[in-house]
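Protein chains get the first letters and strands the later ones, always in sequence-line order, with residue 1 at the start of each. FYI, side chains are in, hydrogens and waters are out, and symmetry mates aren't considered; it's all heavy atoms of this structure.
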Amino acid sequence: MHHMDTADDRPLRVRFAPSPTGSLHVGGARTALFNWLAARHAGGAFILRLEDTDRERSTPESEAEILRVLTWMGLDWDEGPFRQSERDDIYRECIDRLKEAGAVYAAWETAEELDAMRAEARANKRAPVVRGRRDHTSEEIAAFEAAGRTPVWRFAVPLPGETVIDDMIRGQVTFDHAQIEDFVVARSDGSPTYNLAAAVDDMVMGITRVIRGEDHISNTPKQMLVIRALGGEPPQYAHVPLILGTDRKRLSKRHGAASVEELEADGFLPQPVRNALVLLGWSYDDKTTTFTLDELVEKFDVSRISKSPAVFDLKKLEVMSGRYLRAMDPAEFADVLVGYLEGTGYFDGKAADAPDLARRTAPLVQRKMSRLSEYDRLAGWLYRPVEFEPEALAALQEDVKTSIQCIGGGLGRVEVLDDFTVDNIKDALSDQLHIQGLTAREFLEPQRIAVTGQSISTGIYESLALLGREESVARYRAALALLAESWQGGD
RNA sequence: GCCCCCAUCGUCUAGCGGUCCAGGACGCCGCCCUUUCACGGCGGUAGCGCGGGUUCGAAUCCCGCUGGGGGUACCA
């Protein structure tokens, strides 16, 4: 029952075939990853093909974005990118061959007739499949042509009969031909449809295995029919379960961060994204949850892909991302952080030395963040005058008297420190909190808020040292003044 | 409606008839560490959808039900 993912007699050739109608979503990215891993694992070829037969919705921008994201993820392709829009002659030749073989027929039904046909079948609780009329007289056809009509070409699905997919993940899946309509293979303008183009390309490109989303499974028998009618042998199929949002519906834009582009903008690095994606529907064993790319290439096996759909949990990605960031070499982390901030325009409108400041703060934020976009939440206070977060200010005002004592006590030590180093600041403040008989948490939190305006930030000692004595003292005084005001105000 | 698929903690999953009164990870809760938020360490919480079979024995096999997902275009 369990197929082993071993290469058969032919070298493995897989493909990723997105349609360039938007940015690459998480599901597509995982499909690409699975295909790439299968290819690299087996030493086979990974082919990239853009399915842009829908001229209306396909855009060059989308294509460029998909290529860019694949590259960002570290997924390189061996052949392509091929564009179906540039392979029209191949499809037309195959359509001609199907006509010669009598595998397709001209269908003249109007949209209204088709609708009526399907509605009637539905009303009678039958499958709403279209079977075109094939008994038109030559007079009727002449009349259609005289009226300027051109037919679509439908595949004559053999009846009775069935097509069985021997799916690597699902086992045998059988489709009764009675349930498969005579699908359109060539539109009335002669252009190929998806089911024709995809089947032809898989055959012509020598694809040996198709790994794609389960949403395509009902297309598979149609494509197998086309390939066989053309004298080809269908590839192996592996239909992977879909990725769902937290509402258990297929993941889409409205679930937020549904595209790789968004994950990148949110400050996630390719390594954790890959790691999180590969674990949606695939597992290696009962324990391992982090893998390097090399380990994935070595261990990936289609036979271990799950049959049931998986809910995408951003929280889990965050955890993996945080761990990855913390494990990075500090210098590399600094490079990546500054690069990310530059790329998102973080330094625009800031002082010329802002990138340099960011680099110096990198060690202070590395252990604290789960994604690069959290930088501002941690260190943003360094780049601008204090702005109190409402909750942080509220925390201070909860017990104004104590807050003033803490901040005043801290100020008293800080303003007289000659050598304004992290160690000296730490010693002075530690001493002061002893004197005031407070816990570290009680004493240090007000300092943090006074200086940064935030309840979460870089470490307080480092923060003060970075700010310098003069600025630190100024911020302490400002906070004190603000609190004194609200105290007198009576609260 | 019709066709196809799926079903283990809240989530991702291990499990392929006995070694499972179900293991890991994330989350959540508690404790510890760092005289700071964070990080880290330790412990806890929580699950085989239901009903029938088969079998000495079922989370694992079969049937039904229920629930969920996908498809149903001259889109891909």
Within the structure shown, what part of the strands sits under 4.0 Å from A:Y461 by heavy-atom distance: base, sugar-phosphate, or nothing? base

Residue of the set A:E181, A:E112, A:E113 for which salt bridge (charged side-chain N to carboxylate O under 4.0 Å, His left out) holds with A:R118: A:E181

When rounded to whole Å, the CG to P distance for the pair A:D88 and B:C74 reads 19 Å

Using 0.5 Å steps for rounding, measure from the CG atom of A:L396 to the CZ atom of A:R448. 12.0 Å

Let's see if you get this right: which residues in residues 369-382 of chain A place a heavy atom under 4.0 Å from RNA chain B? none

Touch class at under 4.0 angstrom, heavy-atom based, for A:R304 against every strand present: sugar-phosphate

Carboxylate-amine/guanidinium proximity below 4.0 Å for A:R304 and A:D301: no

Cation-pi, A:F144 ring and A:R149 (6.0 angstrom, 45 degrees): yes

Closest to the 5' end of RNA chain B, once A:E445 and A:T150 are matched to their nearest nucleotides, is A:E445

Show me the protein contacts with nucleotides 24-28 of chain B, counting only N or O atoms at under 3.5 Å.
| unit_1 | atom_1 | unit_2 | atom_2 | d |
| --- | --- | --- | --- | --- |
| B:C26 | OP1 | A:R323 | NH2 | 2.8 |

At a heavy-atom distance below 4.0 Å, what parts of residues 241-250 of chain A sit against RNA chain B? A:L242, A:R248, A:K249, A:R250

For A:R133, is there an ion pair with A:E109 - N to carboxylate O distance below 4.0 angstrom? no

For A:D201, which of A:R87, A:R15, A:R83 qualifies under salt bridge (charged side-chain N to carboxylate O under 4.0 Å, His left out)? A:R87

For A:F175, is there any backbone N or O sitting under 3.5 Å from a side-chain donor or acceptor partner on A:Q179? no

Would you classify A:S188 as touching base, sugar-phosphate or nothing, given that sugar-phosphate means primed atoms plus P, OP1 and OP2, and contacts are heavy atoms under 4.0 Å? base

Considering just the side-chain nitrogens and oxygens of A:R154, establish if one lies under 4.0 Å of OP1 or OP2 belonging to B:C74. yes

Same-atom distance (C1') from B:A58 to B:C75, integer angstrom: 45 Å

With heavy atoms under 4.0 Å as the rule, sort A:I456 into base, sugar-phosphate or nothing. base

Where do A:F300 and A:F34 land on the ring pair (Phe, Tyr, Trp, His ring centres under 6.0 Å) test, with the steps shown first? CA-CA 8 Å; A:F300 186 76; A:F34 281 178; 5.3 Å; yes

C1' atoms of B:C62 and B:G44, separation to the nearest Å: 39 Å

Does atom CD (A:E56) have a neighbourhood of more than 12 heavy atoms from anything else shown, all under 6.0 Å? no

For a quick check, with a 4.0 angstrom heavy-atom cut-off, what is the B/S/- contact string for nucleotides 3-9 of chain B, read 5' to 3'? SSSSS--

Separation between the C1' atoms of B:C2 and B:U60, rounded to whole Å: 32 Å

Judged by nearest nucleotide, the residue sitting upstream toward the 5' end of RNA chain B, A:V311 or A:K222, is A:V311

Applied to residues 215-224 of chain A, the salt bridge (charged side-chain N to carboxylate O under 4.0 Å, His left out) test, sequence neighbours excluded, yields A:D215-A:R250

Any salt bridge between A:R384 and A:D376, counting N to O under 4.0 Å? yes

Donor/acceptor link under 3.5 angstrom from A:R448 side chain onto base of B:U36: yes

Considering every strand shown, what is the Watson-Crick or G-U wobble mate of B:C21 when both distances are under 3.5 Å? none

Who is the Watson-Crick or G-U wobble partner of B:G44, with both distances under 3.5 Å? B:C28

Should the side chain of A:R122 and the base of B:C2 be counted as holding a donor-acceptor pair, with the cut-off at 3.5 Å? no

What residue pairs, at least two apart or across chains, pass side-chain hydrogen bond (donor to acceptor under 3.5 Å, both in side chains) with a residue in residues 276-285 of chain A? A:D285-A:T288

With both distances under 3.5 angstrom, what nucleotide forms a Watson-Crick or G-U wobble pair with B:U72? B:G1

To the nearest Å, give me how far apart CD1 (A:I305) and C1' (B:C12) are. 15 Å

Does A:G281 reach a base, just sugar-phosphate, or nothing at all? Heavy atoms under 4.0 Å. sugar-phosphate

May I ask you to establish whether A:R134 and A:Y105 are in a cation-pi arrangement, using a distance under 6.0 Å from NZ or CZ to the six-membered ring centre and at most 45° from the ring axis? yes

Base, sugar-phosphate or nothing for A:H239? Non-hydrogen atoms, less than 4.0 Å. nothing

Identify whether the distance between the nearest side-chain nitrogen and carboxylate oxygen of A:R122 and A:D115 falls below 4.0 Å. no

Just wondering, more than 12 heavy atoms not from A:R326 lying within 6.0 Å of its CZ? yes

C1' spacing across the pair B:G15 / B:C48, given as an integer number of angstrom: 10 Å

Determine whether any donor atom in the side chain of A:T193 lies under 3.5 Å from an acceptor atom in the base of B:C74, or the reverse, and answer yes or no. no

For A:M117 and B:A73, give me the distance from atom CE to atom P, rounded to whole Å. 13 Å

Could you tell me which nucleotide pairs with B:A7 by Watson-Crick or G-U wobble geometry, both distances under 3.5 Å, or answer none if nothing does? B:U66

So, for A:Y340 and A:Y375, is the gap between ring centers shorter than 6.0 Å? no

If the cut-off is 4.0 Å, is A:S283 near the phosphate of B:A14, judged by side-chain N/O to OP1 or OP2? yes

Please state how far atom CD in A:E462 lies from atom P in B:C39, giving the value in whole angstrom units. 16 Å

Please measure how far the P atom in B:G24 lies from the corresponding atom in B:A14, and state the result in whole Å. 15 Å

On a whole-Å scale, what distance lies between the C1' atoms belonging to B:C21 and B:U8? 15 Å

Return the value, rounded to whole Å, for the distance between atom CG of A:L251 and atom P of B:G69. 14 Å

Would you confirm whether the ring centroid of A:Y194 sits within less than 6.0 angstrom of the ring centroid of A:H216? yes

Does any N or O donor sit under 3.5 Å from an N or O acceptor when you compare the side chain of A:N219 with the base of B:A76? yes

So, is A:R187 near the phosphate of B:A76, with a side-chain N or O under 4.0 Å from OP1 or OP2? yes

Between B:C2 (C1') and A:I180 (CD1): distance, integer Å: 13 Å

Mind calculating the distance between NE2 (A:H216) and C1' (B:A73) to the nearest angstrom? 14 Å

Counting just side-chain N and O atoms, does A:R55 come under 4.0 Å of either OP1 or OP2 of B:C74? no

Does A:I460 reach a base, just sugar-phosphate, or nothing at all? Heavy atoms under 4.0 Å. base

Are A:D88 and A:R92 within salt-bridge range, i.e. N to O under 4.0 Å? yes

Atom CG of A:L196 to atom P of B:C75: distance rounded to whole Å? 12 Å

Applying a 4.0 Å non-hydrogen cut-off, can you work out what A:R118 is touching in the nucleic acid: base, sugar-phosphate, or nothing? sugar-phosphate

